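Take a look at the structure below.
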Amino acid sequence: MPINRRTVLATGAGAAAGLSFPGLAARAAGRPTTGVTFRLDAEVLDGGEQVTSVTLRTSRLGPIDPAGLTTGTFSVHAKATSPIPLAAGDTIFSEYDLDRPVTAARLDRHGDIVLELSHGEGQLGGGTLGYIVSRGRNVRLDLVYTITQNLPLPRRGGGSITITGFTQGRLSNPEVDAFSYHVSGSGMKYRLYSPHGPGRHPLVVWLHGGGEGASLPDGYYDNETTLRANRGALGFATPQAQRIFHGAYVVAPQSTSYWLEDGPRFAPLIREIVRDLARRHPIDRDRISVAGCSNGGYMSMKMTTTYPDLFAASVPICGVVQSLQPGGPRVLIDAELAAIRTPTWLVTSRDDTTVPPEPNTVHAHDLIPGSLLTLYDHVVWNGYQFPGHWSWIYVARNDPSIRGTHIWQWMARQRR
């Protein structure tokens, strides 16, 4: 699959330590001095995860006067590098070594200092993933942040504080952290969101795109990029989705390579995870849905051809049907598509140049009996235009709608 820096974003950050000796350390004589740890705070935007703020653990230093805290009190420098050694001539997108502009500085309710950082869709220098071209993989970048104090911190009641050292702590993303880590009996890794409340709950299976699998030749199998590269799985764990589904489990398996490499081999491994979850958790076996994007869109359809009685609904997004190699065979033949009986809602965008709609999503819609199709002209959200391949953004935001029914509501109503 032809991918450039704009076609795949990824996320993740390795814990690292960044020490800084502030420029005003020489002037610290006579003032209390100390070291603090800091946390990297991240959010998964529609285009991938970014570090959006840094929280300094300053509550133990005593009451800080917020009136003396400005965007110039601290400087933030970020360096992001590949966790995998790169061969000569290899390329990784989204490495960086730069200053992160501080847009706001405040005290949180604990008394810790929060430095808000400039971030946004298409903005370089804040992402947590990089894309290695030769491997076709997104990887968690090793992040090293360095904090420098430029001005003394005034205390309430007089005096000031000079911080002499800063030690980097963990990357925190509450949405991602809500998914627990697991490994199936066959060795496939996956993340699981568990709902609250009594009774039996539906299960949504999210199948990632081609860039979020493992790179086993490098010993790289992180169980992270499936949640950090986009909001595909996270969308189903939002309060809005949980209300619509009345509480749903959300599972995101991670391929050991990429689904298209060998769909027939991966299918039983995914089914094993589904069956194991249904045994160990209060899951309604009549309300299991599968959704996926790109490679995962192909795998969603493959799961419903292989296991016609397993799922209540299927949502393939920009799924691959025709080989991406020029002149290659179809990865899903017409007879397979025509035999699908699982209620199916397909989504894509007309300007998808990675998986063109006509020979893939539109062709599948023509053959899958009773299937629904949402065909966008472009992928635009909150005024920002993304690559046409990224139509999963719409599903992650519950945007597709037919005759007044949105896609999450449709999924929630389906029964096996």
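Note that the structure is predicted; figures quoted are calculated from it, not measured. Scope of the values below: all heavy atoms of this structure, side chains included, with no hydrogens, waters or symmetry mates.
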Beyond-backbone contact of [X] with [Y], side-chain heavy atoms, under 4.5 angstrom:
X: V321; Y: M301; result: yes
X: E175; Y: T238; result: yes
X: L69; Y: L153; result: yes
X: T81; Y: L143; result: no
X: M303; Y: W259; result: no
X: V139; Y: D222; result: no

Give a yes or no on whether the backbone of [Y] and the side-chain of [X] come within a donor-acceptor separation of less than 3.5 Å.
X: R231; Y: V44; answer: yes
X: D177; Y: N173; answer: yes
X: T344; Y: T342; answer: yes
X: N360; Y: P356; answer: yes
X: H208; Y: T226; answer: no
X: S53; Y: L115; answer: no
X: E336; Y: I333; answer: yes
X: Q322; Y: G328; answer: yes
X: S294; Y: G296; answer: no
X: Q254; Y: N223; answer: yes

Just say parallel, tilted or perpendicular for the rings of [X] and [Y], cut-offs at 30° and 60°.
X: Y394; Y: W381; answer: perpendicular
X: F179; Y: Y193; answer: tilted
X: W345; Y: W410; answer: perpendicular

Query raised in the report: Strictly under 6.0 Å, is that where the ring centroids of H281 and Y249 end up?
Result: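 So the answer is yes for these two rings.
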